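Notes follow once the structure below has been shown.
What you are looking at is a predicted structure, and each value in this text was computed from that prediction instead of being measured.
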Amino acid sequence: MSSFLTHHRRRILVTMAFLSLFMAGLCGQLGYLMIFRSEHYSTMADDLHERERTIKAARGEIVDRNGTVIASNRTVCTVSVVHNQVEEPEAVIRMLSGELELPEAEVRKKVEKRSSREIIKTNVDKADGDRIRSHGFAGVKVDEDYKRYYPYDSLASRVLGFTGADNQGIIGLEVMYEKYLKGRDGKILTLSDAKGVEVENAAEERLEPVAGNTLTVSLDVNIQKYAEQAAYQVMERKGARAVSVIVMNPQNGEIYAMVNAPEFHLNAPFSLAEGDGAASGKEKQDLLNAMWRNRCINDTYEPGSTFKIITAAAGLEAGVVSLEDRFSCPGFRIVEDRKIRCHKVGGHGGETFLQGAMNSCNPVFIDVGQRLGAERFYDYFQQFGLLGKTGIDLPGEAATIMHKKENMGLVELATVSFGQSFQITPIQLVTTASSIINGGNRITPHFAIKAESRDGSLVREFTYPVRENVVSEETSRTMRHILEQVVASGSEEKRPPRKSFPGAGKSISLLFWALPRLTIPRSLPSSPLTNRWGSTTAEPSQPRSLPTFLRTSFLILGFCLEMKRSVQPCVVLSALSGQEELGVCPMKIRTENKEMVFSH
């Protein structure tokens with residue numbers, strides 16, 4: 001009997017010990033949850049009882065160098081429904097369908113969907129949103145939002161870019177500086193019961209949004225307008241398919257204008273041009289991608305005679321040529337088995353290197369290229385930065401397409417010397433030419449200057465790399481002299497009279513000149529083109545009208561110099577007509593009261 005009781009006592013003790021350990025474990029776990037995990041479970045409880053609605057932050061504005069707003073925001077509304085709070089579903093469906101002009105079946109599907117919040121439509125005009133709010137239906141939420149708005153619509157469209165449905169940048173500066181322009185969204189938190197119905201008279205918590213930063217860019221709205229106006233004149237009068245213009249300060253790389261005509265409408269970026277509206281699917285996307293393409297940085301082309309600036313600079317820097325070196329131009333050069341002609345069929349005869357540059361004489365530059373040799377010429381390409389990218393603050397910059405050094409024979413060397421048989425981007429040409437005439441500093445072309453918060457405090461001032469001694473100061477000074485002489489007394493016999501403001505330039509089809517005030521040409525030459533060489537077809541119809549263009553691939557590049565000899569902006573313009581590239585330069589440029597006034 002005693003042993004039996006002892007056995008049962010042992011079992012009771014074991015059971016009690018087990019239960020005690022179990023209870024101690026439960027208490028320990030409960031204590032851990034209450035003390036160490038309390039914040040986590042409190043947050044979960046709040047999430048269960050709170051309904052969260054987002055307050056969209058205003059995207060930062062983009063302003064030009066003078067403070068003119070070129071990208072802003074408009075107040076719109078987002079209409080949504082909370083299923084558990086809707087008391088009159090049929091009336092809500094009819095009202096939303098009518099006010100938002102949506103199919104009733106589409107609205108019904110969203111209203112009857114069991115979710116915490118279902119968005120019916122975004123980017124609703126504020127007037128329509130206020131009208132929907134005034135109906136006072138339970139469960140219908142109208143929240144204010146922002147939609148990107150461009151006051152000048154198509155102005156610099158491929159530079160600025162645009163935003164998507166969620167106000168995120170898609171192309172251009174909008175996507176490049178997304179982290180500065182995008183604000184931080186706010187929230188509205190309301191209490192609800194287990195069924196998801198808002199608790200009446202409960203306090204509402206509001207976390208205010210933080211607006212994005214204001215981005216100041218180097219564009220000048222007035223210069224951009226003039227450049228676009230001139231580009232469209234070229235398109236209309238010459239039947240061009242597309243025209244591109246770049247206006248840049250070669251001293252620091254700030255871009256004052258970049259035109260890609262025809263521009264598209266930034267306030268309706270997904271609307272195709274007239275005639276392409278029937279496209280759909282992949283075809284439509286391809287057309288949109290082509291419409292959004294920035295030809296100044298995304299496309300390459302043969303620069304033609306404007307590249308002679310680089311050849312001349314390389315020859316002078318290497319010491320293989322001087323201004324007084326004599327050359328003979330019979331109208332062609334024989335290179336191996338090729339006969340490469342000059343634009344002047346009868347030739348220029350005997351001439352100095354300076355005269356050859358003024359005459360845009362191909363044989364002279366072929367000779368300079370031969371003196372340099374392929375290896376040394378290629379080294380100067382690298383030194384000038386031609387074989388890389390410029391680093392411009394826009395996405396999708398294309399690289400130079402150049403012969404490999406080992407594949408550059410005498411014929412390739414000859415054609416490269418005057419800008420053919422290879423391809424570069426317009427922005428690469430204007431940047432490289434700038435580095436040659438600004439004292440030898442390889443600048444980085446750019447748009448962004450600074451980012452500021454809404455209260456005006458500086459967030460960041462953007463700086464860009466500069467590589468010095470691309471060419472010597474002596475070579476740079478000599479090149480400026482050559483380009484001035486091209487304008488002052490070059491091969492073009494007919495040009496507008498030039499007053500005291502000096503200019504300099506190099507192009508196939510026209511030279512650069514400066515006038516004492518801004519003038520926009522009123523007429524273009526209407527006579528048909530019979531000569532494909534620009535240096536002999538450049539013929540202004542009036543002193544203030546523009547020269548004509550040639551039917552070969554080329555780019556116009558010009559510089560203006562202040563009276564104190566400091567270099568001012570470069571201009572590049574090219575145009576496409578069918579499969580041919582055309583070009584013309586219809587504005588004039590000068591500096592006035594420290595502000596740039598341009599024509600090209």
Using the side chain to side chain contact (heavy atoms under 4.5 Å, CB included) criterion, which residues pair with [X]? Sequence neighbours excluded.
{"X": "Ala58", "value": "Asn73, Tyr146, Ala211, Arg454"}
{"X": "Ser457", "value": "Ser453, Asp455"}
{"X": "Asp130", "value": "Lys126, Arg133"}
{"X": "Asp166", "value": "Gln168"}

Do [X] and [Y] have side chains that approach each other closer than 4.5 Å (heavy atoms only, starting at C-beta)?
{"X": "Leu215", "Y": "Glu61", "value": "no"}
{"X": "Leu316", "Y": "Met479", "value": "yes"}
{"X": "Val217", "Y": "Ile62", "value": "yes"}
{"X": "Val76", "Y": "Val124", "value": "no"}
{"X": "Glu397", "Y": "Ile427", "value": "yes"}
{"X": "Thr431", "Y": "Thr444", "value": "no"}
{"X": "Ile309", "Y": "Leu483", "value": "yes"}

Indicate whether any N or O donor in one side chain lies under 3.5 Å from an N or O acceptor in the other, for [X] and [Y].
{"X": "Ser218", "Y": "Glu254", "value": "no"}
{"X": "Asp145", "Y": "Thr78", "value": "yes"}
{"X": "Ser472", "Y": "Glu317", "value": "yes"}
{"X": "Asp220", "Y": "Gln224", "value": "no"}
{"X": "Tyr464", "Y": "Asn252", "value": "no"}
{"X": "Ser305", "Y": "Lys308", "value": "yes"}

Taking ring-ring contact (aromatic ring centres under 6.0 Å, His included) as the definition, give me every residue that meets it alongside [X], ordered by chain and number, with sequence neighbours left out.
{"X": "Tyr380", "result": "Phe384"}
{"X": "Tyr152", "result": "none"}
{"X": "Tyr180", "result": "Phe462"}
{"X": "Phe377", "result": "Phe381"}

What are the two closest non-hydrogen atoms of [X] and [Y], and how far apart are they?
{"X": "Ala448", "Y": "Asp393", "value": "N-OD2, 3.0 Å"}
{"X": "Leu323", "Y": "His481", "value": "CD1-CD2, 3.9 Å"}
{"X": "Tyr150", "Y": "Gly161", "value": "OH-O, 3.3 Å"}

Legend entry - Contacts of Lys121 that satisfy salt bridge (Lys or Arg N to Asp or Glu O under 4.0 Å) - sequence neighbours left out: none
Inset, instruction - Check whether the ring centres of Phe365 and Phe307 lie less than 6.0 Å apart, and answer yes or no. - result: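 Aromatic pair excluded; centres sit 6.0 Å or further apart.
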Legend entry - Heavy atoms from other residues, nucleotides or ligands near CD of Glu236 exceed 12 (cutoff 6.0 Å): no
Legend entry - Arg460 CZ: over 12 foreign heavy atoms closer than 6.0 Å: yes
Legend entry - Residue list, side chain to side chain donor-acceptor pair (under 3.5 Å) with Glu474, at least two apart or on another chain: none
Legend entry - With sequence neighbours excluded, residues passing side chain to side chain donor-acceptor pair (under 3.5 Å) with Asp128: Arg131
Inset, instruction - Please collect all salt bridge (charged side-chain N to carboxylate O under 4.0 Å, His left out) contacts where either partner lies in residues 148-159, sequence neighbours excluded, each pair once. - result: Arg148-Glu174, Arg158-Glu263
Legend entry - Charged N-O contact under 4.0 Å between Arg477 and Glu473: yes
